Structure formats: C-alpha cells, structure tokens
Amino acid sequence: MTTTTSTRPRGMHGGTVAVAGAAETTEIGKRPDTSVLGLHIEAARNALADAGLTPADVDGVATAGPSPIDVAHHVGVTPRWLDGTAVGGCSFLSHVRHAAAAITAGAAEVVLITHGESGRSQVGLPGRARSASSPPGQFEWPYGAIAPYMKFTVPALRFLHERGMGREDLAQVVVAQREWAAKNPRALRQDLVGVEDVLAAPMIAYPFSKDMCCPVTDGGGALILTSAERAADLRRPPVYLLGSGESAESTLVSQMSDPGSFGASRRASSEAFATAGLSQGDIDHLMIYDAFAHLPLYGLEDTGFVGHGESGAFIADGHTRPGGRLPVNTNGGGLNYTHTGMYGMFAMQEAIRQLRGEADAQVPGVRTSFVHGYGLFFSAATSLVFANERP
Amino acid sequence: MNTTTAGAAKPFAHAPEPTPETLPFWEGARAGELRIQRCRSCARHYFDPRPHCRHCASADTEWTRVSGRARLVSYIINHRPAPGFRDYSPVIAMVQLDEGPTLMSNIVGVEPLPENLPLDLRLEVRFEERGEAVLPVFAPAAPDTDEPNAAAVTTGSEETRQVTA
C-alpha cells in the first residue's frame, strides 16, 4: 500500500484536534446539594453551552469515576464512542489523548469528557473498585497506607535526600503557588504564606504539613473536543492539541522503578514533546498536578523543565511565580485552588483559560501550555501540549 | 521467629486477602518467613508476586525464603492514621530487601521520630500479628547481627530454600 503525503491524515497531534468547549461546575468547593453524577452533568452542560453545542451534537463520551454510560444517558447523548479509562487523576488528560485519536480516525466527531467528585460532601459516590485482594489491598492497605496522604507522599524523602533538599523545598512550592491563588477569587486557600508558616502548620504525615497537602473539595469540569475544522465554526477560540503522551508503572507505590524519579512522567512528557515537535523552551505556561507539594518538584525535573536537583532552587528563586519566566500552577494548584480527588481536569481547565486569555491570574502572551498529570499516586502519568494557534 | 502480638487480640479491618498467585507470600509470613519469588532464568528476585519473572518474563520461577535484611528507602510518619491503625506503627515505609525487591511496610521497634529514621538505615524483618493476619514488618537491625551486603541470601546458594515450585 502506498500513501502519498498529500492524502495521508495529519495524525492526532499538531493541532488536528481542538478543545471547543471548556467549563467547570458553576460553583466548586462545597457542594452538598449535588451528587457526583450531578456534578458531571452540570459541568457537561456548562461546557456544551461554552461551545454553543447541545447534547445532540455529541457522539463520544469519556469519563472516570461513574460509567461513561451513566454520563451519556444523563446528559442526553447517544454515544457511538465510549472511553472509561480510569487511571486516577490524570484519566481526563488521557481521555483527551484518546479522544484525539478517535476523532482523527473517524470513530467520533464531538467528544464530551467529564469530571465530577464529591470529595468533601461525599454525595452519590460511585462504588469502590478495589478490594482487599487487589495489589494495594494486599501490599499497602494492611500497613495503613490507604488514603492519598499516606502513600503518594512516601517516596518524597528519598527524592529530597538524593538532592540535598529538605522540607523547606516542599514549603517553597506552597509559598510560590499561594501567590497565584491570591489572585484567584475561586481559590479555596488565598492567604499569602511564608516558608516558616508552611513548616509550622500541623503535621499530617512527616515531612508533609497541612499546607503541603491539598484540601478535599467538591466540583467538576468538562471539555468538548472536535476536529480543528469543526472547532473553527464554533463560538469560542479553539485550543489545539499539539502533542500527548501517557504511561504507567504499578498501582503499588512501592514498585516505582525509582522512588526519586517517576518513569511514567519521563516517558509521557517525552512523547508529548516529541509528538508536538516542541521542546521545554517553547512552553509559556505549565500545569503540574499537585495533590501534594512534592509533585511540582518531581514534575519539573521528570518533564525536563529543569535538571536533576534544580527544582527546589528554581521555585525558591521565583521563576514559577507571578512575573517569573515559567509560570506554574497559575490557578493556585490543587494545593490551593481546589482538589476534588482526581484533579487533572482542573489543571487542563486552567491551561485552556490561560490560552484563551481569560484566567483570573492571566499570564500575558501565553501561546503554549504543557499539562502534566499523575494518576493513582505514582501509578500513571499523562502529558498534553496545548496551543492557541495551529503550528 | 520474631512475632509481635500487640494487635493480635483485636479484629483487623484491613487484612490482606491472598490470591492464588500471592498465597505463598502470606503463608510464609504466617510461618515467620519472608518468601519472595526468584527467577531461575535470570537469577533475580522479584516482587510483587506473579507467575513469571518481572525482569525477563521467564516462567521458570520459584518461591524462596530471603534473608529479611533490608534498608530504609523512604517513609512518612503518619500523624493521622486511618481508622483501626492507632495501635500500629505510624511509620509507612518503602524498604529494599538485600535481594533487590522493594516492599511497602511499617517500621517497628523504634520511636517514630525522624532522628531515629535516617534513610538507608539497616533493617531486619519482624512478623506482626494484626487480628487474624500476620504481616512482615521491619525493625532497625541489631548492629552485631547485621553485616550489610554480606548477609543476603545469595543467588543459587544452598541457603535459598525453594518453598513451592
């Protein structure tokens, strides 16, 4: 079979596919009025309104948490494409990658990706998927490593130790991101803090104090993806997907191939840059999933934005803060803005706001944004490169 | 066999439920032995349990009793233990066995303070009863009995006891 360049599809990257609609639930934080499924529906309807579309325009649905069948049924979509990939907080980033493949292949035309969690109010929770016979049920839970702060945090001391870093470096992450949160009226934690404040906050799980751990909130968000051609005819400025990558290691934190560096992050980010045809220096804005304060440190190094051991000084020197040369987690991050449980959707929402020029803490002139998500602690990772212009 | 019985009297809500693939590990713990799989093809130990080698994918594997000696890779000291865990060590740790594999466990036999828990601290296995369950946990190694690297059950030695085929 011969395929000429002129007829070969451009592939799923390089701006073939675009975000045509994006929205969060109308309110985030404390939502005892709404179930998990209700949060998905609210976010979906807000994103459809943002795109100027109706449920009848959608033919693909992806979600994690509830079944995509429930989301499709309750939003009112008749799907011909479904994706229930559930790899934790980066699931929604993976859905974007999978939707781009589906749209490019002709398996779907307009894809709705929804997130919603009642992390704080615990209303209408989907069932727990894991049991005492699962790998974590056998090899982590019996040791009291159950909630995220009891296991996602465990490798951090090794990361710090290998680099001659310490708790102050975790605190600097919070200090820097609080400067962004202070500019964001929707952020839960908006008060500026200093390193000493963060270190002196009540201890949750040494070396992590309370401020180094995300709050647990209610909320949701949704995206509408379609071809760049279709997006050009819709009401909002398209945000193009230039590149993507995803990978995984193990659902057991103890089985990380290297506790001081996450292999799935390195692979996912490397593929995202390669497929986008860009390098770190081409990126104007960065979102790194931050359920806990060590993740921006791991993330900066594992995605190659800084070298080994440079993450702490990079943040402490102010490069990720307002006015810095690489703005990071400009909504305040999961640590300060909101964290429903699977935060990845909110990281993408902020990237899209920045690329549309409508963020609360808008960075001037953002053309490219890199979003890096973690899933099921150090189990999975997904990276996406977005831009507001087609290359 | 060093089995502590601090938690034995109380029911334990998070007892592991073995599967056929993991049962030798848990049977070993009940017998006071740390049993880990080893590949006969590439001569490496591996964890977590599966029927084939994690490193080279060979199905020619065996269960072996390992030395129980390890080092402290990383940890947290949990100040907000999950329900049912107040009676147990709050030190949730990654430990690397001298034979290579890394496990999640608890550090016992030491006050749970950072100054007592330097990374790379030498450890040795203990077995702790929690309700009906018996878990491998780790304690700082007694200096006179632990010689780093020399104590490992070495590949192919007569000390490597095959527990199940």
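Chain A is the first sequence line, chain B the second, and so forth, proteins listed ahead of strands; every chain is numbered from 1. The structure displayed is predicted, hence computed values, not measured ones.
- Using a 4.5 Å cut-off between heavy atoms, Phe47(B) touches chain A through backbone and side chain atoms alike.
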Q.
Phe378(A) vs Phe152(A), test: ring pair (Phe, Tyr, Trp, His ring centres under 6.0 Å). Steps then yes/no.
A. CA-CA 7 Å; Phe378(A) 282 116; Phe152(A) 209 167; 5.0 Å; yes
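- Residue contact with chain A, scored on non-hydrogen atoms closer than 4.5 Å, involves the backbone of Ala15(B) exclusively.
- Among the candidates Met150(A), Met256(A), Lys151(A), the residue making the largest number of heavy-atom pairs closer than 4.5 Å to chain B is Met150(A).
- In this structure, Asn106(B) contributes its side chain and Val91(B) its backbone to a donor-acceptor pair below 3.5 Å.
- To the nearest 0.5 Å, atom CG of residue Leu188(A) and atom CG of residue Leu335(A) are 11.5 Å apart.
- Proximity to chain B involves both the backbone and the side chain of Tyr149(A), based on heavy atoms less than 4.5 angstrom apart.
- At a 4.5 Å heavy-atom cutoff, Ala147(A) makes no contact with chain B through either its backbone or its side chain.
- Residue contact with chain B, scored on non-hydrogen atoms closer than 4.5 Å, involves the backbone and the side chain of Ile204(A) alike.
- At distances below 3.5 Å, not a single donor-acceptor pair connects side-chain atoms of Ser254(A) with backbone N or O atoms of Leu103(B).
- In this structure, Arg31(A) contributes its side chain and Gly29(A) its backbone to no donor-acceptor pair below 3.5 Å.
- Residues Asp120(B) and Leu72(B) are not in side-chain contact: their nearest non-hydrogen atoms beyond the backbone lie 4.5 Å or more apart.
- The choice from Val253(A), Leu160(A), Val154(A) that makes the most heavy-atom pairs within less than 4.5 Å of chain B is Val154(A).
- Within the 4.5 angstrom heavy-atom criterion, atoms from both the backbone and the side chain of Pro136(B) approach chain A.
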Would you sort out whether Phe377(A) and Phe262(A) count as a ring pair (Phe, Tyr, Trp, His ring centres under 6.0 Å), showing the intermediate values? CA-CA 11 Å; Phe377(A) 324 118; Phe262(A) 186 34; over 10 Å; no
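- In terms of non-hydrogen atom pairs under 4.5 Å with chain B, the most contact-rich of Pro155(A), Pro135(A), Gly137(A), Ala156(A) is Pro155(A).
- Highest contact tally toward chain A, considering only Ala82(B), Ala93(B), Pro83(B), Ser105(B), is held by Ser105(B) [criterion: heavy-atom pairs under 4.5 Å].
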